[in-house]
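Counting starts at 1 for both ligands and their atoms, following the listed order.
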Amino acid sequence: MMKMMMKLLLFLCGVLWVSADVLHEDLAIVGCSDSDGEMMYALDGEELWYADFKKGKGVDPQPPFVVHTSYREGVYEQAVANQQVCRSNLKVCRSAMKDIPDENDAPSNLVIYPRDEVELGEKNILVCHVSGFYPAPVNVSWTRNGQKVTEGTSINVPFPSKDSSFTQISRLDFVPQIGDIYSCSVEHLALKEPQTRTWDVEMNNPQSGPGPAIFCGVGLTVGLLGVAVGTFFLIKGNECS
Ligand SMILES: *[C@@H]1O[C@H](CO)[C@@H](O)[C@H](O)[C@H]1NC(C)=O
């Protein structure tokens with residue numbers, strides 16, 4: 001309970017407003033820590049705009065077919081100013097709470113999956129979905145057949161959940177080729193070693209190999225055979241006694 005409250009407090013230090021009406025949830029986040037910062041606008045869980053402080057500009061991550069919401073001039077500059085406010089608020093919060101011991105939660109959930117159905121040779125996107133961690137952010141790195149891949153990767157800014165943990169989604173553009181194995185590794189403050197998930201084109205391609213249906217069939221057959229043999233001996237055993 002105490003832990004939860006502390007988190008909430010820390011979190012509130014950063015969040016400017018969250019307004020919800022019946023139909024849509026509008027979210028604006030300003031967050032900061034000693035080493036990182038975030039400013040993001042979202043609607044119904046979709047990022048509409050965020051400040052990329054490393055590149056020094058605002059980013060509108062929606063794909064081209066979405067009608068882009070236009071943000072007023074100076075919104076990035078505003079985000080930079082908000083970071084200063086956030087940092088000084090954080091300082092105040094910290095001293096008010098006698099330097100809260102930071103509670104770190106490692107990611108509770110890490111999954112890797114292709115965005116679209118896998119077709120060999122067809123462009124696709126691998127998604128690495130990390131959630132349940134605190135504080136933000138995580139670092140995500142990708143490999144193809146054991147080699148580090150940076151081209152075609154992207155990660156979105158941390159998205160807060162109602163339980164005050166965070167979610168981040170990293171993506172990798174890829175073309176499925178038979179035999180390729182991908183992995184995404186996640187680094188977080190609360191993890192001694194990176195957490196890794198692998199994804200194998202072959203295992204996930206229905207045209208190659210017998211596929212799960214066969215294994216299921218074999219399993220079922222063996223299982224039924226076992227029941228039959230067991231019943232046989234049961235009856236035999238009863239006859240003898
Ligand atoms: C993420 O990477 C940066 C740069 O390499 C590093 O400074 C930072 O400590 C890393 N964060 C985590 C949580 O491992």
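Residues passing the side-chain hydrogen bond (donor to acceptor under 3.5 Å, both in side chains) test with Glu187, sequence neighbours excluded: Asn139. A search for salt bridge (charged side-chain N to carboxylate O under 4.0 Å, His left out) contacts involving Asp34 returns Arg94, not counting sequence neighbours.
Protein non-hydrogen atoms do reach within 4.0 Å of atom 11 (N) of ligand 1. Less than 4.0 angstrom separates atom 14 (O) of ligand 1 from at least one non-hydrogen atom of the protein. Counting protein heavy atoms under 4.0 angstrom from atom 2 (O) of ligand 1 gives one or more.
Close approach of ligand 1 to Glu187 is summarised as follows: ligand atoms under 4.0 Å from at least one heavy atom of the residue are 13 (C), 14 (O). Numbered from 1 in the order shown, with element, the atoms of ligand 1 that lie under 4.0 Å from a heavy atom of His188 read 13 (C). Set against the non-hydrogen atoms of Leu189, the atoms of ligand 1 under 4.0 Å away are 13 (C).
Side-chain contact check for Ser183 and Trp142: no donor-acceptor pair (N or O, by modelled atom type) lies under 3.5 Å.
One distance of note links OG of Ser88 with CD of Gln83; it measures 11.0 Å at 0.5 Å rounding. Here the CG atom belonging to Leu126 is positioned 10.5 Å from the OH atom belonging to Tyr113, to the nearest 0.5 angstrom.
Note on ring orientation: taking the six-membered ring where Trp is involved, the planes of Phe174 and Tyr182 are perpendicular (angle over 60°, cut-offs 30° and 60°).
Of the heavy atoms in Asn139, only side-chain atoms (C-beta onward) come closer than 4.0 Å to ligand 1.
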